[in-house]
Amino acid sequence: MRTTLSWFLVLILLIIVQTTIFSFPIFFPLLLALYVNLPPKDGFWLAFGSGAALDLFAGTALGRSSLALLLVAGLVNAYKRRYFSTHPAYTFSLTFVGFLVFDFITRAKLSLAGAVFASLLSLPAILLVNRFSKEKEELKI
Amino acid sequence: MRLKDSPKSWPLFLLLIFASLALLLAGQVGLLAPFRGAAEKITLPIQSALYRGQQNVLSPTPFSFSEQKIASLEAQLALLTEENEQLRQLLGAPLPPSWRFLPARVVGLAEEMVIDEGQVSGVSPGMAVISEEIFIGLVASVTPEAARVRLPSHADSKIPVEVVTQEGLRTAKGLLVGGKGEVRLTRVLQKEDLAPGYLVMTAGEAGYPAGLAIGRITAVSEEKREPYQEAQVEPLVDPRQLTTVFVVLGK
């Protein structure tokens, strides 16, 4: 739970930066990498909380981003056991599709540039999350 | 979807979906406005501090507490001085005397510009935002304490404009569209006169106030086969340099 909270704070920080000075989706790849790595329940809470924070900082209707992120989380959760889900290639394609779904629900648009940008960022994001997950497992052992 | 994968997590998923829908509904009927207003009193200063930090990223940072306090006071003084100066310039600008203005601080600039005045101050979507007599953008959405301003470079921005020469002669009419951070003048008939250096101003159509300067033509397309001409337009002000703008409350 503490790990999830720490990641949530990192996501909030990225959301503040994104909504204030940066127009590219920088929090989304990290959130997706977390969906893949964390237990489903934690992923759903992260989706709901991050969506609420995003709506609050972006001035959009409260609940809209939460709904979109939850649907993406549901999609990830439904398919993550079917494939080798922590593989960067899987995360790359998942981020691409996930971002388009999110963009369509929140803005009624399909920003291919945003999806490509988010997908490229998904590679360092999944490596970062995998590394922290491994370190945590090693500490447990 | 494979609901059998993690049966215990799906009730939570449905509960949170329901909570999101409830939030959306509550927001639609205005139940969340007091909460949102209170929350923005916390979020806007954070965004403002980050935005100022980004603007001053190249300036040296003082280390001691007293130096920080002095720097903070100096920053406040500079902001107030600039706001005062802009108000003076606004008073001297050739704008209709019936217009009412509301000064607002810029607290963020991502896809849209965020200003620290919202519904509480009487700001509503569709209002023009200016700096001196230069058009900065149109209010796209408002929350109790803030507003989002759509700049001409925004992908959804379409502004009916007219083109005037340096001598003030009107030469063409067209549509100013944004996208990819750039501003293009389109829908200008081939017979109309366009040249680099000409000024692009709001035409006073589609809800935009008339006679506000937006930018200057930097290049004109040479494609003569098309029915319309196009031109690149450079905005007169860099929105990243702005700290204070004015919302046109009433015309």
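Numbers restart at 1 for each chain; the letters A, B, ... are given by sequence-line order, proteins then strands. The structure presented is a predicted model; accordingly, all values stated were derived computationally and were not measured.
Partners of B:Glu230 under the side-chain hydrogen bond (donor to acceptor under 3.5 Å, both in side chains) rule, at least two apart in sequence or in another chain, are B:Arg184.
Residue with the most contacts toward chain B among A:Gly43, A:Gly59, A:Ala73, A:Gly51: A:Gly59 (heavy-atom pairs, distance under 4.5 Å). When B:Ser48, B:Ala19, B:Ala26, B:Ala110 are compared by the number of non-hydrogen pairs under 4.5 Å with chain A, B:Ala110 comes out ahead. Comparing A:Ile21, A:Thr19, A:Leu67 by heavy-atom pairs within less than 4.5 Å of chain B, the highest count is held by A:Ile21.
Taking 4.5 Å as the limit, some side-chain heavy atom of A:Asn77 sits within range of a side-chain heavy atom of B:Ser9.
Between A:Leu62 atom CG and B:Leu25 atom CG the span is 13.0 Å, to the nearest 0.5 Å. To the nearest 0.5 angstrom, A:Thr20 atom OG1 is 9.5 Å from B:Gln54 atom CD. Between atom CG of residue B:Leu14 and atom CG of residue A:Leu70 there is a gap of 10.0 Å, rounded to the nearest 0.5 Å. Atom CG of residue A:Leu56 and atom CZ of residue B:Phe35 lie 6.0 Å apart, to the nearest 0.5 angstrom. Separation of atoms CD (B:Glu111) and CD (A:Gln18) is listed at 9.0 Å; rounding is to 0.5 Å. A distance of 12.0 Å separates CZ of A:Phe22 from CG of B:Leu50, quoted to the nearest 0.5 Å.
B:Leu16 touches chain A through backbone and side chain together, each having a heavy atom under 4.5 Å away. With a 4.5 Å cut-off on non-hydrogen atoms, A:Ser65 does not touch chain B at all. Heavy atoms closer than 4.5 Å to chain A are found in the side chain of B:Thr143, but not in its backbone. Of the atoms belonging to B:Val142, not a single heavy atom falls under 4.5 Å from chain A.
Between A:Trp45 and B:Phe13, the distance separating the two ring centers is not shorter than 6.0 angstrom.
Residue B:Glu234 places its CD atom among 12 or fewer non-hydrogen atoms of other residues, nucleotides or ligands, all under 6.0 Å distant. Around atom CD of B:Gln28, no more than 12 heavy atoms belonging to other residues, nucleotides or ligands sit under 6.0 Å away. Atom CZ of A:Arg107 has more than 12 neighbouring heavy atoms from other residues, nucleotides or ligands inside a 6.0 Å radius.
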Show, in sequence, the C-alpha distance, side-chain angles and deciding distance for A:Lys109 and B:Asp156, and conclude whether the salt bridge (charged side-chain N to carboxylate O under 4.0 Å, His left out) test is met.
CA-CA 11 Å; A:Lys109 279 182 181 176; B:Asp156 293 339; 3.0 Å; yes
Residues B:Leu23, A:Phe48; criterion side chain to side chain contact (heavy atoms under 4.5 Å, CB included); working and verdict
CA-CA 11 Å; B:Leu23 273 177; A:Phe48 183 75; 4.0 Å; yes
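Remark: side-chain polar atoms of B:Arg148 are paired, donor with acceptor, to backbone N or O of A:Ala58 under 3.5 angstrom.
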